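This report concerns only the one structure given below.
Fair warning: this is a prediction, and the values are worked out from it, not measured in the lab.
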Amino acid sequence: MDFKLSEDQEMLRSLARDFLTKECPKAKVRELENDEKGYDPRMWQKMAELGWLGLVFPENYGGTGGTFLDLVLLMEEIGKNILPGPFFSTTVCALPILEYGNEWQKAKFLPQVANGTAIWALAVIETLGGYKASEIKASARVGDGHYIIEGTKLFVPNANVANHLLVAARTSEDAEGVAMFIVDANSAGVEVEVIPTIAQDKQCQVTFNRVEVPEGNVLGDVGGGWDIVEFILDRAAILKCAEVSGGCQAVVEMTNAYAKDRVQFDKPIGSFQAIQHRLVDMFVNAEGLQYLVYQAAWEISTGFPSRLHTSLVKAKAGEVYQRTCLDAIKIHGATGFTKEHDVGLYFRRVKASEFAMGDSDLWEERVAAELGL
Amino acid sequence: MDFKLSEDQEMLRSLARDFLTKECPKAKVRELENDEKGYDPRMWQKMAELGWLGLVFPENYGGTGGTFLDLVLLMEEIGKNILPGPFFSTTVCALPILEYGNEWQKAKFLPQVANGTAIWALAVIETLGGYKASEIKASARVGDGHYIIEGTKLFVPNANVANHLLVAARTSEDAEGVAMFIVDANSAGVEVEVIPTIAQDKQCQVTFNRVEVPEGNVLGDVGGGWDIVEFILDRAAILKCAEVSGGCQAVVEMTNAYAKDRVQFDKPIGSFQAIQHRLVDMFVNAEGLQYLVYQAAWEISTGFPSRLHTSLVKAKAGEVYQRTCLDAIKIHGATGFTKEHDVGLYFRRVKASEFAMGDSDLWEERVAAELGL
Amino acid sequence: MDFKLGEKEEALRKGIREFAQKELPSECFCLLLEEESRDEDWKLAMSISKKLAQKGWLVMAWPKEYGGQGASYWEQMVYGEECGYWGIPGVAMGVSGVAWVGPSLMQFGNEEQRKKYLPLIASGEADGVWCTAYSEPNAGSDFANIQTRAVRDGDEYVINGQKVWTSCAHRARWCWLAVKTDPGAPKKHRGISIFMVDMKSPGITVNPLLNYHDAHIFNEVFFDNVRVPASNLVGEENKGWYHLMQSLASERHSLGPPLYGNARRLLDELAGYAKEIQHDGKPLSQNLGVRHMLADAVVEAEMLKLFNYQVTWELTQGLIPIYGSSRNKAFGDQLLERIGIIGMRIMGAYCQVDPYSKWTKLHGIIQRVYLLSPGISIAAGTDEIEKNVIGQFKLGLPKSY
Amino acid sequence: MDFKLGEKEEALRKGIREFAQKELPSECFCLLLEEESRDEDWKLAMSISKKLAQKGWLVMAWPKEYGGQGASYWEQMVYGEECGYWGIPGVAMGVSGVAWVGPSLMQFGNEEQRKKYLPLIASGEADGVWCTAYSEPNAGSDFANIQTRAVRDGDEYVINGQKVWTSCAHRARWCWLAVKTDPGAPKKHRGISIFMVDMKSPGITVNPLLNYHDAHIFNEVFFDNVRVPASNLVGEENKGWYHLMQSLASERHSLGPPLYGNARRLLDELAGYAKEIQHDGKPLSQNLGVRHMLADAVVEAEMLKLFNYQVTWELTQGLIPIYGSSRNKAFGDQLLERIGIIGMRIMGAYCQVDPYSKWTKLHGIIQRVYLLSPGISIAAGTDEIEKNVIGQFKLGLPKSY
């Protein structure tokens, strides 16, 4: 048992902090919210050079052979600082390719991710917005040496700039008769429309109008697509929660600083118990979330994740982030309510992270199932 | 719209306060907890003389013609002071007799209640402990000019001292095929055993072994028993919540006094925001509960209760009472944890009142139904 | 005791419902919590405020001589509930004119001031729109700490300083302004005065302070040698603190009924939505969690309703609500926050959609409530301040700050 | 980073599970949160404590020379978790001897004292049972306010005063006592000293203070000219406050793992119960509300586990946990209260049954946890005190009381 990061991890973290502080100050975050692409290609290229985009790939695919935990530490820093862009969406598509892809697929797609030339987006959920196999209505019919995909996907992050989409589509009427397709985003019949969101984070509606996909672009087995979704869910949820955990830490830190600094009735407001104890609750919950993330990430890194440990993180993260931000805003008073103040940047991302990769209900149900209920 | 009590009501309330303070000090409450009967017959007789036992009966049945709201005000004082005994259980049996009884039944049973010679107990729930028609397994078979009742009832308050029982028993296999029977508690085959409870409030297990009940003792229609249970539920719930509301008020008051009085770190602990704001929450919730009770009680008095208003009171009361008592104990510190301190008397009654007449889930479901859900 | 409203109040309720159905755009149920932000919303609000004025509702509480109807406290309460339920815009005309500049002038203004300003407000026109400038960078909850100065110069006062969080300053014709007139006063809450300032005066600069969702509610207002006629001083010089405490009480009191109306409307809309949406082949309304979340919130809404009744009843009895208005505001704010949270859960993934986009459900009101609720709970006294009031003035506990 | 315990710890865990299954009465899972109350429970506790001593577990953390095994912090943590999970009685021998009198004597006792008292505790016998007497009627959270006096008289001190809330005083052979030795000290937390007092000394009177459910945990202890040898002073005279702060830190640290064990056991039992009970023809475990209540609580239990890990890890690194122990205690107490509340809901109407009656479900543990939880959260520092510690020492915020 060890709560210490390795030297390499410390270095990764401190590098990430320096990079993000320098390259992605909050002014940049605000700029990218209003940017059509929603990311900075120059910064993206630098991230590739730093080895972040292929962090967990073996070297033969252009990666640096890091662990899942390394990736989580990076996501935590990304969350602390808020880095807009397709890092998460690309990563959660690359991970299943690394796990389920055949040699051709891996050799073709992973190096492009690592060197920053490919951006990916995950297209699973539809109008109901839930991660349930039964909700997948988009269909993939067998054509002549290809599949024909038809349907609409919602809340597909960063599809507006993606070269590739990883798409869940139904191949049979069985509840779990779903396959995962690697789709060239420039294929005829793919239409992408950015959905304006509170987080201004470029989630998209992606429509597939008789889109032809080569047979070789099926990832894994045709009947086994939902297993891949489950594989993605577990990992993507932890990555998303790492981002949330970083966000919570940043919000607690700025609120604590404010409570020491802001004087009312001739005292720092942090000396009022109502404020101080609320800050303590915020801090303790953020810390607990951080450890939950680390535990699950470490287990995934070892290859033996506990389903319970993975599930409970996302069951909790949304509530913690929301409570942290709401209380932070209130402690800041009207200041916290403004566009200028950073706390609003985090608050506006609460719901995006809560509904990315399934809501708390989904994950609570998984926890309940692990309890044998 | 008027929040003022009438002069008669103010008089009733102040009389009740004086009587209970004098006749039922906390030492008496503690004594009656350990008393086998669980009530004081001498006090009971005085309550009859005060007109409390027949408070809502017309004069021709020995009553004083009060309203349901009057009864609620009395219950509130009883809850503030804690009066152990069969007042609630007798009242909730008398109300349906007044509403559904035939002339013979009313003339026979109500005057005995009013003059203090009859004590009643309501025997509806069974092993699952819920107020659902489907949970009624006790059966009433038709015999020769009588019914034969067989089954076991649980959590029957004050059956140990009751002369009469009002019993729900199944007369057909239809979900709601239930009838209400007036059963002489001394009938052959009736066995009563007191269940030791946290509140020491003499809830009983009552077993019916082939108990013969005359046909004339059916209350209302044979098929309409569950309607009577529903009638009782609405009224009994409000009476119970009036008791809870009184309890909450008493607990807030004693805790507030303590917070002013108790000095730590050279200040009254009520000057610490963590304590003060918690007290404010306790106070506000208790006050809100009180108004919810009054609204429903007034509506019942007018004969036009809103199902929503009636249901939401009991949906809320249990949570308020519990939170109030738990916080009160903690504000009192170790003192609040002792047998000597009164707050424990209230805390030990929280669950008895929550589960009397159906738990919060039942009543929340009713509220949800009223919302059209 | 009696929990029924009179026929007059019920008729009024019916009238407002009809008005809302007739006058409000049908595609939107207009819970305009940020009506001063977007130009089109503000335009709508001002057109409705004129109609409300014509109906005699806008300042119904005021005496007839000032354009009101001398409506009873019960009528005012019903009006507040219904305006909240229907989300009628323009009701407050930028928050302050109707709700507290008017009542304050009637309490401690002079006859000349009343004659000049009250009819402007009562008309529902743009010249009756006010903003209120109390807070400063170092004077929020600790309001007595204000630094903005007014110095007498002949028949005028010269004002210098900065205000912040001034709602509606960008729409207002007039400013209800708190300043220091005696900075040397032995206690800092003495030495405060109130002025009415023409927002067109030279030396006033209004800077927008957008909120984190780009709503333009707040402003910074700078006063640079702004000259105000001495006749615009309201009440006694240096007695502003005491006057304002009365105004604040009026404002808080007026907040409860619309909050209740908002809450009930939101819950009705959410219940309707839950019945429509199918999950796993069943309407979402069959989900136990959803049922109980909504049921719990309805219980709290009913508590708020009765709290409003109780304060209103005290007013009808000539009693001064000591703590009830603080209770109702804090309780209502918490409820609205909670409904926002519940609502976002019920909307599911759609809750993250921009409220004004075509993907939005229920016209975006849930997102707007969620995003605005922390701001609402800060305005006119934080939770902490309200709880301090209740603790000290109702429970008799010592000062805790 | 690494989240796996070593083989040694896992072997210990297995050993304790076997021990619990073999030695504990099978009809009861013995979550003996009030073992000192009923004679039969106390007898069982003392018989188990002897067996724990024989196993070498009772004081496993202590050095071998004092009867311990020099067990690692990780082993101690696992031991705490498992004792909590199985509800092993006798582990603490009346709370204080094992958990803090021993560690305190090792920190600031002298060799003579260690030689005399430590083996008594390590034996698991009745002569090793201690109580701790800190609180007084006017010194609870504000402990420095104690008034009980010890006055030197030759080779002895003479003690007068009253203690209250003294857990286990009715079972204890010895008392770990805080007194004032210099009432004129300029700051009241100077001038405090610690004594070890034989509970058989003339002049000591122990009065039971039953809790509201008749459990006999607390006592009042009166000291009337009680003479104690000067050699029973522990550490430096008038330095008692500083010594005690260290002891308190040790005690708080030891509370987390058993709380986690308790929590997980209770949740497992409740999950099992929910699967057994049928409601409307379906197991209660299918009820969405029940599922989510239990799932939420498990998440919090896992947080507590990791908090324990983190503090333990800090200790292994030679770091002093500044705030972690306070966090773990407050968090664990809240969790236990919450599980009590959830548990009572799941038990339904049966939750009101006396835990020792034949009608009780799950051997009454749910009711006992529910009834005891407010008391547990008060012992060794209220929530408020723990939050003050975290606020000041971790977040660097100013004193708030």
Please state whether the side chain, the backbone, both or neither of [X] comes within less than 4.5 Å of a heavy atom of chain C.
X: Phe265(A); answer: both
X: Ser271(A); answer: neither
X: Val343(A); answer: neither
X: Arg323(A); answer: side chain
X: Ile269(A); answer: neither
X: Asp266(A); answer: both
X: Lys330(A); answer: both
X: Arg262(A); answer: side chain

If I measure from the heavy atoms of chain A, does [X] come under 4.5 Å with its side chain, its backbone, both, or neither?
X: Phe218(C); value: side chain
X: Ala139(C); value: backbone
X: Lys188(C); value: side chain
X: Gln278(C); value: backbone

Note to self: Do Gln273(A) and Tyr401(C) pair up side chain to side chain, a donor and an acceptor below 3.5 Å, judged on atom types alone?
What the structure shows: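 Side chains of Gln273(A) and Tyr401(C): no pair found under 3.5 Å.
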
Next item on the list: Begin from the C-alpha positions of Ile198(A) and Val353(C) and carry the test side chain to side chain contact (heavy atoms under 4.5 Å, CB included) through to its verdict.
Entry: CA-CA 6 Å; Ile198(A) 292 169; Val353(C) 164; over 6 Å; no

Check: Is any side-chain heavy atom of Trp359(C) less than 4.5 Å from a side-chain heavy atom of Pro196(A)?
Finding: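 Yes, at least one pair of side-chain atoms sits under 4.5 Å.
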
Check: Salt bridge check: are Arg345(C) and Asp359(A) linked by an N-O gap of less than 4.0 Å?
Finding: no

